[in-house]
Amino acid sequence: MSPRRWMQRIHSFAVRLLSQLKSNRTASPVDRTLSAIHTCPCHVRLARSEDAAAIVRFVERELLHREPLVRALGVGAIPQCRAQLLDHVRRTLRDSFTLLATAPGPDRLVGVAIGRRSCAWDGRHLTERADRTQCAQLRKLLYIWSIVAAEPALHQHFCTRCLFEIAFLATAADAQRMGIGLHLTRHSLQLARALGYHHARMNCTGEYSSRIATKAGLECHWTVAYRHLVDGSEQPVVHPEPPHTHIKVHATALFPGLSIKSSCR
């Protein structure tokens, strides 16, 4: 079976799962964390292949110039770096489970949550990609991402090869403080659970995304202060604006009976 055909089948399966989840009126103890979903004034649906271009434009407009780490490094302001980062987003989309939030009425995109499979070798792959990158600021970003992917050692902690990861979360600038980010995060966790993942993670490079993760029920598992990310001369490599002082990796168990503590015996 071709990769394209395989992804089409996975997408169809995920669409059915999302539909079943929306129509399911009996909530398990874990599902009760979704009790506030109905309060968000937006509609959530699974992205389709034809949405890819709109998602990339949304990420470029809403995330590249506002996400604390990317903004502090100035990646979005350098055409070559911006183009390469958007190519990375496109590659991520091909194998992702992306949820879109749209406003009532016209199908206007107001939020995106790009979910993907997080594997134990992701950090190594990001390091290798950074080594091949000529743009200095993008190379720094990829190196930091590689540290965040590998250092928490979540895969070893949970004794699993793969976790569900909310890789990118963005909301429209004119739709802030409406609960859309929390809405998308909770739906992403619900989808991950339905797809059979046992644990999920969310790498938060800013204070606001960390608050969303906490409200959604994810616990902070690992953190590093930006001032501790230093170069060879012991100088910090990036200085995000306050209140964004730390990177925090949040994680949660997706089923009752599973623990955030180590699953190893």
Side-chain angles (χ1 to χ4, degrees), residues 14 17-18 21-22 24 27-47 51 55 58-59 62-63 66-70 89 92-93 96-103 109-118 145 148-149 152 154 162-173 175-223 243-244 246-256 258 260:
L17 281 173
L18 193 60
L21 288 169
K22 288 180 177 179
N24 184 8
S28 69
V30 177
D31 290 330
R32 293 190 189 108
T33 64
L34 305 172
S35 59
I37 278 182
H38 67 279
T39 64
C40 181
C42 63
H43 170 71
V44 173
R45 66 171 177 84
L46 196 68
D51 294 316
I55 293 171
F58 185 87
V59 169
E62 305 294 349
L63 189 142
R66 292 170 48 220
E67 194 278 333
L69 176 56
V70 175
V89 173
T92 303
L93 281 174
S96 73
F97 298 101
T98 298
L99 295 179
L100 307 181
T102 58
L109 192 58
V110 293
V112 169
I114 302 178
R116 61 178 290 274
R117 183 177 63 170
S118 165
W145 280 358
V148 176
L154 289 179
C162 297
L163 311 166
F164 184 88
E165 177 184 358
I166 302 175
F168 296 99
L169 178 67
T171 57
Q176 299 290 305
R177 301 184 181 277
M178 297 171 62
I180 294 173
L182 179 59
H183 195 67
L184 284 168
T185 300
R186 285 171 165 166
H187 266 297
S188 295
L189 296 178
Q190 195 176 26
L191 178 60
R193 188 180 304 119
L195 289 170
Y197 286 93
H198 288 177
H199 297 88
R201 70 184 291 167
M202 183 172 168
N203 302 336
C204 302
T205 55
E207 179 63 22
Y208 302 144
S209 58
S210 178
R211 292 175 187 174
I212 289 173
T214 299
K215 288 180 180 178
L218 291 92
E219 299 179 19
C220 183
H221 185 83
W222 180 89
T223 184
H244 311 295
H246 290 71
I247 297 175
K248 299 177 182 179
V249 177
H250 291 252
T252 187
L254 293 171
F255 289 95
L258 291 178
I260 194 68

| remark: Between the NE2 atom in His187 and the CG atom in Leu46, the distance rounded to the nearest 0.5 Å is 11.5 Å
| At what distance, to the nearest 0.5 angstrom, does CD1 of Ile166 lie from OG of Ser118? | 11.5 Å
| Roughly how far, to the nearest 0.5 Å, is the OG atom of Ser188 from the NE2 atom of His183? | 10.5 Å
| field | Side-chain heavy atoms of Leu169 within contact of Ile212, under 4.5 Å | value | yes
| request: Looking only at non-hydrogen atoms, find the nearest pair between Phe168 and Leu63 and report the distance. | output: CD2-CD1, 4.3 Å
| remark: Scanning both residues in full, the closest heavy-atom pair of His244 with Gly206 reads ND1-CA, 3.4 Å
| query | Is a donor on one side and an acceptor on the other found under 3.5 Å between the side chain of Thr185 and the backbone of Gly181? | reply | yes
| query | What do the steps show when you test Thr98 against Ile55 for side chain to side chain contact (heavy atoms under 4.5 Å, CB included), and what is the final call? | reply | CA-CA 9 Å; Thr98 298; Ile55 293 171; 4.0 Å; yes
| said: Could you check whether Glu62 and Thr171, counting side-chain N and O atoms only, form a donor-acceptor pair closer than 3.5 Å? | reply: no
| note | Taken in chain and number order and not counting sequence neighbours, the residues that satisfy side chain to side chain contact (heavy atoms under 4.5 Å, CB included) with Arg117 are Cys119, Cys162, Tyr197
| Are the side chain of Ser96 and the backbone N or O of Leu93 linked by a donor-acceptor pair below 3.5 Å? | yes
| request: Can you measure from CH2 (Trp145) to CG (Leu69) and round to the nearest 0.5 angstrom? | output: 7.5 Å
| task | Kindly give the heavy-atom pair with the smallest separation between Val249 and Pro152, and that separation in Å. | result | CG2-CG, 3.7 Å
| request: For Thr252 and His199, test the side chains for any donor-to-acceptor distance below 3.5 angstrom and give the result as yes or no. | output: no
| query | How close do Leu100 and Val112 get, heavy atom to heavy atom, and via which atoms? | reply | CD2-CG2, 3.8 Å
| What are the two closest heavy atoms between Pro243 and Glu207, and how far apart are they? | O-CB, 3.8 Å
| said: Minimum heavy-atom separation for Leu184 and Gly111, please, with both atom names. | reply: CD1-C, 3.5 Å
| said: For a side chain to side chain contact (heavy atoms under 4.5 Å, CB included) check, start with the C-alpha distance between Arg201 and Phe164, then their side-chain angles and the critical distance, and finish with the verdict. | reply: CA-CA 6 Å; Arg201 70 184 291 167; Phe164 184 88; over 6 Å; no
| field | Check: Glu165 main-chain N/O paired with Arg116 side-chain donor or acceptor under 3.5 Å | value | no
| field | Check against side chain to side chain contact (heavy atoms under 4.5 Å, CB included), His250 and Thr214 | value | CA-CA 8 Å; His250 291 252; Thr214 299; 3.3 Å; yes
| note | Distance col, row Arg186:CZ vs Lys215:NZ, nearest 0.5 angstrom, shows 9.0 Å
| How many angstroms lie between SG in Cys204 and NE2 in His246, if you round to the nearest 0.5 Å? | 13.5 Å
| Stepwise side chain to side chain contact (heavy atoms under 4.5 Å, CB included) check, Asn203 with Ile247 | CA-CA 7 Å; Asn203 302 336; Ile247 297 175; 5.7 Å; no
